[in-house]
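Each remark here refers to the structure printed beneath this line.
Note on naming: letters A, B, ... go to the chains in the order of the sequence lines (proteins, then strands), and numbering restarts at 1 for each one.
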There are 2 protein chains.
Amino acid sequence: MTPVAHIVDDDPAVRDALQWLLRSRDVSSETWDSGEVFLHAATSDLFGCCLLDVRMPGMSGIELFDRLRTTQCRIPVIFLTGHGDVPMAVKALKDGAFDFVEKPYDDNALVDKVLSAFAHDERRNARAESIQQVRQRLAQLTQREAEVMQRILSGKLNKVIADDLGIAMRTVEVHRSHIFEKMQVRSAVELSQLLGILPENRDV
Amino acid sequence: MTPVAHIVDDDPAVRDALQWLLRSRDVSSETWDSGEVFLHAATSDLFGCCLLDVRMPGMSGIELFDRLRTTQCRIPVIFLTGHGDVPMAVKALKDGAFDFVEKPYDDNALVDKVLSAFAHDERRNARAESIQQVRQRLAQLTQREAEVMQRILSGKLNKVIADDLGIAMRTVEVHRSHIFEKMQVRSAVELSQLLGILPENRDV
DNA sequence: CTGCCTATTGTGGATTTCCGCAAACCGCGC
DNA sequence: GCGCGGTTTGCGGAAATCCACAATAGGCAG
């Protein structure tokens, strides 16, 4: 999939200038004349980055950013602003914005930032895809299998797990084998590594 | 260990005001009158946060920040500046600064930020300590043991590892047992989880 | 009611892991 | 040279895993 720079600005001249600039370096872009329009059209599978004007009539770039984050969209966002505002920039970045650029911007530097955001999004998507895949496999596990898996990951022996759940060792073995099959791994080590990529297991 | 706010500012009045403010909310602080002095005294085991004035004669807060990062010091840094400068704020934050505050600042909000930075540093230290511990254990492994461990983590069976390294299975078993002992784990699963916290194994 | 899924258990055997006991070789430092 | 640590290997047994074959039982949808 080709990355696209989504330009959201109320000023047609700014949109066109940006699009022209990006095209000059072979960067695909789409333009939107308001946050509302973009938000309506934006699906969660956008790929590339956003260039948001901070100050727009109606929904501001900041508000649009908030709305995007409260949905599932994690596309990198580069803010463009004509009014130097340090607190706003700080808040935006701490909230996860990719960059915050003052106008007038340096043409080359801005395109570089866009390309950098593209690269960032590519890594993010790859990671998200892996996570999604793992979650899909996890979802296939039955309740009981999940219970057994949790104990396998605690390093417990089948015998202990059996005692733990009050069932026969043989049953644990069957569950274990089903777990490996559904999770598409061949050992407990692989299983542990597979689950290691999930955010909820990375809070050490 | 008690967290300390390290105040670096060339203006004695500012230092005192900050220290007084922090003390009023039971926050310990130390003051330094220049980046050079602080950098000289700063060890890597600082705990708390830094409050750096951006504009100082001699070494600027920004430069001090850079110097801290090029050493091993990862203490959270809050910048204080009287001159709103968006690009500088953006760069500082993207380089890992904890916050960037314009003067005049809101007293309560600033202390809150300091406390937030303390909490952040506490988590960071706990994590760093775990990582340090794991690295210490890893360092105890011999070359051969490291080779075997790597293959264990690939989920290979002892038999395969033996073929792989051209040695007897019994030898692999011995190495395996030494590895578990030195790494202080009792199964390959635990080993995998232990190594999962290392940054170099989290790049999935 | 029948078929499918889930959970459960058993038997028995092949494979693997884990470990104590024993021993050999090598390189390095005292 | 002697000791120490690292690497290597063998033997043999206890414990655990893996797996095919087989069977029982409850729940639920068609």
Exercise for the section: Scan Val54(A), Asp9(A), Leu18(A) and name whichever one has a side chain to side chain contact (heavy atoms under 4.5 Å, CB included) with Leu80(A). Expected result: Leu18(A)

Between [N] atom [atom2] and [X] atom [atom1], what is the distance in whole Å?
X	N	atom1	atom2	value
Arg186(A)	dT17(D)	CZ	C1'	14 Å
Phe180(A)	dT16(C)	CZ	P	15 Å
Glu173(A)	dA7(C)	CD	P	16 Å
Glu181(B)	dG20(C)	CD	P	10 Å
Arg176(A)	dA20(D)	CZ	P	16 Å
Ile152(A)	dA16(D)	CD1	P	15 Å

Problem - Partner set under side-chain hydrogen bond (donor to acceptor under 3.5 Å, both in side chains) for Arg25(B), not counting sequence neighbours - result: Asn108(B), Asp112(B)

Practice task
Measure up the Phe65(B) and Phe79(B) rings against each other and bin them: parallel (under 30°), tilted (30 to 60°), perpendicular (over 60°).
Solution key: perpendicular

Practice task
Could you check whether the rings of Phe38(B) and His6(B) sit parallel, tilted or perpendicular, using 30° and 60° as the cut-offs?
Solution key: tilted

Interatomic distance, [X] atom [atom1] to [Y] atom [atom2] [nearest 0.5 angstrom]:
X	Y	atom1	atom2	answer
Leu194(A)	Ile131(A)	CG	CD1	11.0 Å
Phe47(B)	Ser28(B)	CZ	OG	11.0 Å
Ile78(B)	Ile7(B)	CD1	CD1	10.5 Å

What does the list of N/O pairs under 3.5 Å between the protein and nucleotides 5-9 of chain D look like, with a distance for each?
residue, atom, partner, partner atom, Å
dT7(D), OP1, Thr142(B), OG1, 3.1
dT7(D), OP1, Arg144(B), N, 3.4
dT7(D), OP2, Thr142(B), OG1, 2.5
dT8(D), OP1, Arg144(B), NE, 2.8
dT8(D), OP1, Arg144(B), NH2, 2.6
dT8(D), OP2, Arg144(B), NE, 3.2
dT8(D), OP2, His175(B), NE2, 2.7
dT9(D), OP2, Ala168(B), N, 2.4
dT9(D), OP2, Thr171(B), OG1, 2.8

Practice task
Could you identify which residues of residues 153-163 of chain B place a heavy atom less than 4.0 Å from some atom of DNA chain C, listed by residue number, or say none?
Solution key: Leu157(B), Asn158(B), Lys159(B)

Practice task
Check whether more than 12 heavy atoms from other residues, nucleotides or ligands sit under 6.0 Å from atom CD of Glu122(A), and answer yes or no.
Solution key: no

